[in-house]
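Following: one structure in structure tokens, then a few remarks.
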Amino acid sequence: MDRQELRLQVAEVAGTWIAAMAVVIGGLFGVFQYLEHKSAVRVDRTMAFVERYHSDGLLLEARLKISDSMKLGVVEINKVLTDPNIKPEQLSQKYNEEVTKLIEKDDLFASLEQILTFYEQIILCRELLLCDPAIAEQFFDTDGRAFIRTFYPYVCTIRKQWNNPEKFKRVMAFYVQKSDELC
């Protein structure tokens, strides 16, 4: 084999390696671009939930109705929570009764259903990896935990009325540890 043939073989091997490296690098770049696009889509979906939470007419109306009701009802709820005559084992029952009374008095059933359904949707979006979990956490988890901890008696009541222990199970389990013990 002479020098010319050796150079041709080296060039052929080098060309093959360079082509293979270009394919691998191009593939990695393509995967990176795909993952970046997928991440951007998750952020967009999550921000659509944020926009809906803050500007959707029915959802906003439901949140305002619940907030207005709580402004007036929190005094009665706090009386129950701070009453020294109520034994600790009776406190949960008394709290449930007071919240249920408030819900019935102010007719909050439809508003609570809307908010609970919204939280269930954003949780499902996160579980299916369709939404960005970090963004969803920042925008919804603090409110969601407070909301569920305040209005879990409603969930317990409709579970009993409808004979459906699974109603809003995803929301309860996500926002309250040991949520099965609440109802």
Side-chain angles (χ1 to χ4, degrees), residues 42 45-183:
R42 283 187 185 138
R45 279 193 194 113
T46 309
M47 293 310 292
F49 271 96
V50 171
E51 184 177 333
R52 189 172 135 213
Y53 189 68
H54 292 291
S55 64
D56 179 81
L58 294 174
L59 198 55
L60 187 59
E61 185 179 310
R63 289 176 54 223
L64 290 173
K65 184 174 182 178
I66 292 168
S67 292
D68 290 344
S69 177
M70 283 304 293
K71 284 178 192 172
L72 302 172
V74 76
V75 173
E76 293 301 316
I77 292 172
N78 283 336
K79 283 181 187 176
V80 169
L81 293 174
T82 58
D83 187 344
N85 297 324
I86 297 177
K87 296 179 181 157
E89 58 273 5
Q90 296 173 320
L91 186 60
S92 179
Q93 178 187 350
K94 296 289 186 185
Y95 174 78
N96 291 357
E97 290 170 0
E98 197 61 42
V99 170
T100 303
K101 208 172 14 175
L102 174 73
I103 292 167
E104 290 173 358
K105 180 181 77 119
D106 293 343
D107 191 26
L108 298 178
F109 301 104
S111 298
L112 290 171
E113 284 285 325
Q114 282 193 321
I115 303 296
L116 288 164
T117 300
F118 175 83
Y119 282 125
E120 199 163 63
Q121 291 169 350
I122 189 66
I123 291 167
L124 183 60
C125 190
R126 290 164 78 169
E127 288 174 356
L128 295 174
L129 302 176
L130 298 173
C131 288
D132 186 276
I135 293 173
E137 178 183 348
Q138 291 296 314
F139 279 100
F140 302 115
D141 285 2
T142 301
D143 288 349
R145 267 190 295 282
F147 184 82
I148 296 302
R149 289 183 179 166
T150 301
F151 291 106
Y152 75 85
Y154 169 75
V155 174
C156 296
T157 300
I158 61 170
R159 283 179 176 181
K160 288 176 192 169
Q161 288 175 349
W162 298 358
N163 193 27
N164 182 0
E166 301 297 310
K167 186 70 174 164
F168 297 119
K169 185 174 185 170
R170 177 175 278 118
V171 177
M172 294 287 286
F174 189 85
Y175 287 121
V176 180
Q177 291 178 348
K178 300 180 183 181
S179 63
D180 294 336
E181 298 173 9
L182 289 176
C183 297

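Note that these values count all heavy atoms, side chains included, but never hydrogens, waters or copies made by symmetry.
- Formation of a donor-acceptor pair under 3.5 Å by the Asp106 side chain with backbone atoms of Leu108 is not found in this model.
- No more than 12 heavy atoms of other residues, nucleotides or ligands shown are found within 6.0 angstrom of CD on Glu61.
- Between Lys87 and Leu91 there is no side-chain heavy-atom pair separated by less than 4.5 Å.
- Once rounded to the nearest 0.5 Å, the distance linking CD1 of Ile77 with OG1 of Thr150 reads 7.5 Å.
- Residues Phe151 and Ile115 fail the side-chain proximity criterion, which asks for heavy atoms closer than 4.5 Å.
- The OG atom of Ser69 sits 8.5 Å away from atom CD1 of Ile103, with the distance rounded to the nearest 0.5 Å.
- Counting non-hydrogen atoms of neighbouring residues, nucleotides and ligands closer than 6.0 angstrom, the CD atom of Glu89 exceeds 12 such neighbours.
- Of the residues Thr100, Leu116, Leu102, the one that meets the side chain to side chain contact (heavy atoms under 4.5 Å, CB included) test with Tyr154 is Leu116.
- One distance of note links OG of Ser67 with CG of Leu72; it measures 11.0 Å at 0.5 Å rounding.
- Residues Val176 and Arg145 form no side-chain contact, since every pair of their non-hydrogen atoms from C-beta on lies 4.5 Å or further apart.
- Around the NZ atom of Lys105, the shell of radius 6.0 Å holds more than 12 heavy atoms that belong to other residues, nucleotides or ligands.
- Put simply, the side chain of Arg63 reaches to within 4.5 Å of the side chain of His54, judged on heavy atoms.
- For the pair Asn85 and Asp83, the tightest heavy-atom approach, listed with the atom from each and the gap, is N-OD1, 2.8 Å.
- A donor-acceptor pair is defined here as one N or O able to donate and one able to accept, closer than 3.5 Å; such a pair exists between the side chain of Arg42 and the backbone of Leu129.
- For Lys101 and Glu98, the salt-bridge test passes: some basic side-chain N is under 4.0 Å from an acidic carboxylate O.
- We find the CZ-CG distance between Arg52 and Leu60 to be 12.5 Å, quoted to the nearest 0.5 Å.
- Other residues, nucleotides and ligands contribute only 12 or fewer heavy atoms inside 6.0 Å of the NZ atom of Lys94.
- We find that Asp141 and Arg126 are joined by a salt bridge, their nearest charged nitrogen and carboxylate oxygen being less than 4.0 Å apart.
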Step-by-step side chain to side chain contact (heavy atoms under 4.5 Å, CB included) determination, Lys169 to Val155: CA-CA 9 Å; Lys169 185 174 185 170; Val155 174; over 6 Å; no
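- In this structure, the side chains of Val75 and Lys79 come closer than 4.5 Å at one or more pairs of heavy atoms.
- Taking the six-membered ring wherever Trp is involved, the centroid distance between the rings of Phe140 and Tyr53 falls below 6.0 Å.
- If you take NZ on Lys65 and CG on Leu112, they are separated by 9.5 Å, rounding to the nearest 0.5 Å.
- Between atom CD of residue Glu137 and atom SG of residue Cys131 there is a gap of 13.5 Å, rounded to the nearest 0.5 Å.
- Between the side chain of Ser111 and the backbone N or O of Ile66, no donor-acceptor pair lies under 3.5 Å.
- A centroid separation of less than 6.0 Å is found between the aromatic rings of Tyr175 and Tyr119.
- Asn96 and Tyr152 share a side-chain donor-acceptor pair at under 3.5 Å.
- Of the residues listed (Glu127, Glu120, Gln121), the one engaging Arg170 in a side chain to side chain donor-acceptor pair (under 3.5 Å) is Glu127, and it is the only one.
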